[in-house]
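Values below: all heavy atoms of this structure, side chains included; hydrogens, waters and symmetry mates excluded.
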Amino acid sequence: MSDTGEVREAFRRASALVADHRADLDQAVHLMAAHAWVGGGAPRFAAELARHRAILQSCLETALAEVSRLVVRHGMLPPGMPSAQTSVTSMAATSSAFRGVNVETMNGLVCSLERAAERMSDLSVRLHAELAVLCLPTNAGWDVAHSADWARGQARDLKRRLSWIQRAEPDSWTPWDSGVVPSGVIGFGLFEAFAPDPGMAAALLRRIAAGDHTALMAVVALQEQGQDPGLAARVHTWWRGLPRGLREQLVSAMPQGVGSLNGLPASIRDRANRLFLAMEKARLRAESARLTRQIAESGEPTMFLPLDAVLSALKRIEMIERTLALGGADGHPPVFLLSFNHAGLGRLVVSWGDPDTADTTVTYVPGLGTRLDTFDGGVERARRLWQQCQTTAGDRQVASIAWLGYDAPQLDPGIVSPSRSVAMGGAADRGAGALAAFVDGLHAAHQTVASARNVLLGHSYGSLVTGKAAVLRPGLLADDIIFVGSPGVGVEHASDLGLAPGHVWVGEAGNDPVAYLGRFAADPGDTGFGAQRFLVERSVITEAHSNYWKPYSASLRNMAMIVNSQYGHLIKAEPLSQPQLLMPELAPPAVRELNR
């Protein structure tokens, strides 16, 4: 083409195409960024969307530059180049761990992608024609066509997946009148093809649906490692997508495994674990009767050891039954049995109140010497905290969880073993993965509420487990973390735990020897650690390490205020009117010497 006027007109048309189409994918990018989807494959989908937006704008720049160079070759001055770049503004993502996505927004994304695909298809034809007439390379037109096909395919696929979710049974998701679907559903139900799956969990879950018990135990083992932050959300989405009849079959056929799956609704876990509890009680009673008959018939003294083990297991089950019997009685909330296993040191996770619907959930992590036989005391601590929290929570509902989900170090000969010793961190490393995975499950199963809160409370060696779990899930584990009687939490400064400033709390009795150990990195009670200190009343030194939950105490009331985010109402210390001869405030050097 040699006509100068036609070249100038071609540049004008190319400039108009840039102005008209450079923002074709901006609305879709805005919808993704504004709602900050987490978990599953949503981040990878967002990255793909951003890449195609960059391709679109790059193609427009390239085409315009080619036409501009043609203008110069025709002896004219370089024309002013309009920018093909745009900026996308979005709301900042909230830090709350309980998140979801609005269904209406998802439908808006589908419509946005459909419009973009149609407009980009038209753009590709016009770009190709303009460049071909000018005898210029037409690659830009082809590249835009490929991006248009991508947007069209994603819109079609997203619409299909949304329809699948909305056809689910009414009880399958958060009530539709709220317009909210949990983030795990978005991450795995809509974008499973994009979702990372380091442990091949998707394949294992398909096998579980077919009744494969080995696959179920493999998923339980995966979650115990705590290495996959998206596993609980994937499990939650998988479960909700199963037909109701199949879900019932799995609960009946494999109650222990189903009750252990993080991410399942608390009501399902409770039902499965109660069924397993009843089955184990019946089995142990039958075994006890068999052994008793065998001893009576044979008089074999070696049979007393297995009988004693069976009777001990029955006592454990009866202790759990006593706790469950309190649910809903005498002002208590419903009790949810979230995990149970009487083998070895035992496992028990009990929630006072429904963690799936609670406005605030607090999880207590116990420490040295804790085992199933004695964990009724830990369950009682969680109950006292629930009771204290609920007195000042107003209309907000609280769930208080007692979590014995790891093998705590024991005061027995095994304490010299590196894997179990309280002086070592091995038990805490394993417990941290299990705790992080459990909290992932709380987030995945929670019925999304924008103002919902999650709090972790670590006591003694349990504070080390909690600190390590926070490092595994930086910024995602909890809104507040409370440490009491802590020998160290595995980091040198509160900021290393990934929480917002001012949301790491430490309570120490002045004569609690364990609190001054400083065995695991920095002492969280030291000023330089950067945590918020709250008042703990004095008690005699033999009780100082366990009195943080004493009824009506300053420590219990302060922990409840922190759980309820009522930070301005914390109880402050008052001047002592007389010497505390039986409850001295020991200086750290003296306590460390005492420990040695």
Side-chain angles (χ1 to χ4, degrees), residues 208 211-221 224 248-261 268-327 335-350 366 368-380 402-417 419-421 427 430-431 434:
I208 295 172
D212 189 335
H213 184 266
T214 302
L216 177 55
M217 291 300 100
V219 172
V220 172
E224 284 291 304
E248 294 296 327
Q249 290 177 23
L250 294 176
V251 169
S252 299
M254 300 181 284
Q256 180 186 12
V258 170
S260 300
L261 284 178
I268 298 295
R269 296 185 69 168
D270 177 68
R271 185 151 54 88
N273 285 313
R274 286 176 188 252
L275 177 58
F276 174 55
L277 190 76
M279 292 168 61
E280 281 297 280
K281 184 176 183 179
R283 183 186 68 80
L284 290 167
R285 278 183 167 177
E287 180 68 3
S288 172
R290 185 188 69 81
L291 290 171
T292 300
R293 286 195 305 271
Q294 190 170 345
I295 291 171
E297 293 168 359
S298 66
E300 179 60 50
T302 59
M303 301 305 299
F304 282 100
L305 287 177
L307 177 60
D308 184 62
V310 169
L311 294 176
S312 295
L314 280 170
K315 287 181 180 179
R316 291 176 166 189
I317 288 176
E318 290 165 359
M319 180 270 287
I320 297 171
E321 288 179 330
R322 288 194 296 273
T323 297
L324 298 179
L326 293 175
V335 176
F336 291 80
L337 182 58
L338 301 181
S339 186
F340 153 68
N341 191 340
H342 63 73
L345 294 178
R347 296 283 193 275
L348 179 61
V349 181
V350 170
L368 173 66
T370 309
R371 54 195 302 151
L372 181 54
D373 306 77
T374 60
F375 196 51
D376 52 345
V379 172
E380 171 61 13
W403 184 85
L404 179 57
Y406 79 115
D407 286 340
Q410 301 296 305
L411 290 171
D412 59 22
I415 200 169
V416 301
S417 168
S419 65
R420 289 181 55 190
S421 173
R430 291 185 293 277

Item to check | Separation between CG of Leu261 and CD1 of Ile208, rounded to the nearest 0.5 Å | outcome: 6.0 Å

Checklist entry - Roughly how far, to the nearest 0.5 Å, is the CG atom of Leu324 from the CZ atom of Phe336? => result 11.0 Å

Next on the checklist: Tell me whether Arg371 is salt-bridged to Asp407, with the criterion being a basic N under 4.0 Å from an acidic carboxylate O.
Outcome noted: no

Checklist entry - Taking atom CG of Leu337 and atom CZ of Arg271, what is their separation to the nearest 0.5 Å? => result 13.5 Å

Checklist entry - Between the main-chain N or O of Asp308 and the side-chain N or O of Ser312, is there a donor-acceptor pair closer than 3.5 Å? => result yes

Item to check | Side chain Gln256, main chain Met254, donor-acceptor under 3.5 Å | outcome: no

Checklist entry - Is Val349 close to Leu404 at the side-chain level, that is, under 4.5 Å between some pair of heavy atoms? => result no

Next on the checklist: I'd like to know whether Glu318 forms a salt bridge (charged side-chain N to carboxylate O under 4.0 Å, His left out) with Lys315, so could you lay out the CA-CA distance, the side-chain angles of the two residues, the decisive distance to 0.1 Å, and finally the verdict.
Outcome noted: CA-CA 5 Å; Glu318 290 165 359; Lys315 287 181 180 179; over 6 Å; no

Checklist entry - Within a strict 4.5 Å, meaning less than it, do heavy atoms of the Leu372 and Met319 side chains meet? => result yes

Next on the checklist: Looking at Thr370, is its backbone amide N or carbonyl O close enough to the side chain of Gln410 to form a donor-acceptor pair, meaning the two atoms are under 3.5 Å apart?
Outcome noted: yes

Checklist entry - Say you draw a straight line from CG of Leu338 to CG of Asn273; how long is it, rounded to the nearest 0.5 Å? => result 7.5 Å

For residues 274-286, please give each side-chain donor-acceptor pair under 3.5 Å, one per line with the distance, not counting sequence neighbours.
unit_1 : atom_1 : unit_2 : atom_2 : d
Arg274 : NE     : Asp270 : OD1    : 2.9
Arg274 : NE     : Asp270 : OD2    : 3.0
Arg274 : NH2    : Val335 : O      : 2.9
Glu280 : OE1    : Arg283 : NH2    : 2.9
Glu280 : OE1    : His342 : NE2    : 2.5
Glu280 : OE2    : Arg283 : NE     : 3.0
Lys281 : NZ     : Glu321 : OE1    : 3.0
Lys281 : NZ     : Glu321 : OE2    : 3.2

Item to check | Nearest-0.5 Å distance that lies between atom CG in Leu345 and atom CZ in Phe375 | outcome: 12.5 Å

Next on the checklist: So, using side-chain contact (heavy atoms from CB on, under 4.5 Å) as the criterion, who are the partners of Ala218 when residues are at least two apart?
Outcome noted: Leu204

Item to check | Heavy-atom closest pair, residues Ala434 and Gly405 | outcome: CB-O, 3.8 Å

Checklist entry - So, does Asn341 use its side chain to make a donor-acceptor pair with the main chain of Arg347 at under 3.5 Å? => result no

Item to check | Atom of Gly369, atom of Thr374 and distance for their closest heavy-atom approach | outcome: O-OG1, 4.0 Å

Checklist entry - If every non-hydrogen atom of Val220 is compared with every non-hydrogen atom of Ser260, which pair is closest and at what distance? => result CG2-CB, 4.2 Å

